[in-house]
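Right, one structure below, let's go through it.
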Amino acid sequence: QKGGYPHFMLKEIHEQPEAVRNTLFEVSDIKKIVSQFPEFKRVTFVACGTSYHASLVGKYLFEGLLGLPTDVILASEFEFSEKAIDPHALVIFISQSGETADTLKALRIANKKAKTLAIVNVLGSTATREADYVIFTRAGPEIGVAATKTYISQLTCIYLLAACMCQDEELLEELQKIPDCMKAVLSLEDEIKEMAGKYKDAQDFFFIGRGFSYPTALEGALKLKEITYIHGEGYAAGELKHGPLALIDDDVPVVAVVPPGKSHDRTLSNVQEVKARGARVIGLGSEDDPVLSSEASDMVEFPHQIPELLSPLLYVVPLQLLAYHISVQRGIDPDKPKNLAKCVTVE
Ligand code: M6R
């Protein structure tokens, strides 16, 4: 059942290139759905947990590619914004299970006021029956409590949707290259396992990134918390100096997500700030980034040609592996973290 892997989570991490490939087949259904759309004036994403992080990537994408004002609301907070729902908005619900109670409650509120779209991995789930439009993520069943391949498939759907809405054929072609790039990233597993051994006894971690890398930082921190029980804080890199810099010292590893592109130089200066306070930095960046490599104690290198816009699909993978290997090295079963359920059916 685990296909030779010691845990479902590791199997599911390695299934991600295939998950992307399968999800890319959704493109024709997505084109059909998009052709039925009325004109939307804004987009609102609603989700919880990892699905919320996928939604944040959606915000940068929809604002950047379509110029549509886009907000992202936690499903558990949605009722407090009910009066502000724009009837001309597309409200997009992202949920692996399609059964998360907070998400369903928000979907029922939104259905009364605007068009709703559910991006869901489970066929026939409640969200698929109640939303106006449905897109399937086609990740296949995910058994591990930590969302991995479903996150990657959610991101793939969001990229497909944005590309179809703005008829960006070039982006659709770029997406086809992701499965092979992801295999190359997965081949770095031994390095990341060794890195896990160096950091497994830390009590606190920071994960920082800007723009497209901010949701990756949040997701890396969430994976760490849920399966290693180490405190991990995901932060927009530019916010560090507004408070949390006071917590940084040589006991706190900082994972910095620094792909080449618009956010690069400013995140790099944040790396220098935390280093000056003694932090050990794990840098995620291009193979062609000598400054980041010289600042980082450990470095995960990605092919230079990956554009910042697509980096969320690849840069999260080493963070999943890091959390997984720290979990195993701390004697925890990553498939069954304490206090957590795969599907949260209570508000
Ligand atoms: O099924 P959903 O996507 O609606 O679940 C939302 C969250 O409970 C879920 O993403 C959770 O945060 C992950 N299991 C974390 O890995």
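Keep in mind it's a predicted model, so treat the numbers as computed, not measured. Indexing begins at 1, ligand by ligand and atom by atom, following the structure's order.
- No donor-acceptor pair under 3.5 Å is formed between the side chain of K223 and the backbone N or O of Q320.
- Note: Q305 CD to S286 OG = 8.5 Å, rounded to the nearest 0.5 Å.
- By the 4.0 Å N-to-carboxylate-O rule, K41 lies too far from D86 to be salt-bridged with it.
- Looking at residues two or more places apart in sequence or on another chain, you find no salt bridge (charged side-chain N to carboxylate O under 4.0 Å, His left out) involving E301.
- No N or O atom of T103 sits closer than 3.5 Å to an N or O atom of ligand 1.
- Checked against a 3.5 angstrom limit, the closest N/O atoms of A147 and ligand 1 fall inside it.
- When only non-hydrogen protein atoms are considered, atom 15 (C) of ligand 1 lies nearest to E226 OE2, 3.1 Å.
- Side-chain contact check for I230 versus R330: some heavy-atom pair is nearer than 4.5 Å.
- Numbered from 1 in the order shown, with element, the atoms of ligand 1 that lie under 4.0 Å from a heavy atom of A146 read 16 (O).
- Within the 4.5 Å cutoff, no side-chain heavy atoms of V257 are placed close to those of F207.
- Residue contacts with ligand 1, taken as heavy atom pairs separated by less than 4.0 Å, involve T50 via backbone and side-chain atoms alike.
- At least one heavy atom of C48 sits less than 4.0 Å from an atom of ligand 1.
- Of all the heavy atoms of L340, none lies under 4.0 Å from any atom of ligand 1, so neither backbone nor side chain is involved.
- Between Y324 and H7, the two ring planes are perpendicular [angle over 60°; tilted spans 30° to 60°].
- Of the N or O atoms in V145, one or more lie within a sub-3.5 Å distance of an N or O in ligand 1.
- No heavy atom of E99 sits closer than 4.0 Å to any atom of ligand 1.
- For atom 8 (O) of ligand 1, the nearest non-hydrogen atom of the protein is V344 CG2, 4.1 Å.
- Within the listing of ligand 1, atoms 1 (O), 2 (P), 3 (O), 4 (O) sit less than 4.0 angstrom from a heavy atom of S95.
- Inclusion of Q96 in the set of residues having an N or O under 3.5 Å from an N or O of ligand 1 is warranted.
- In K342, neither the side chain nor the backbone holds a heavy atom less than 4.0 Å from any atom of ligand 1.
- Applying the salt bridge (charged side-chain N to carboxylate O under 4.0 Å, His left out) criterion to D71, with sequence neighbours excluded, gives R42.
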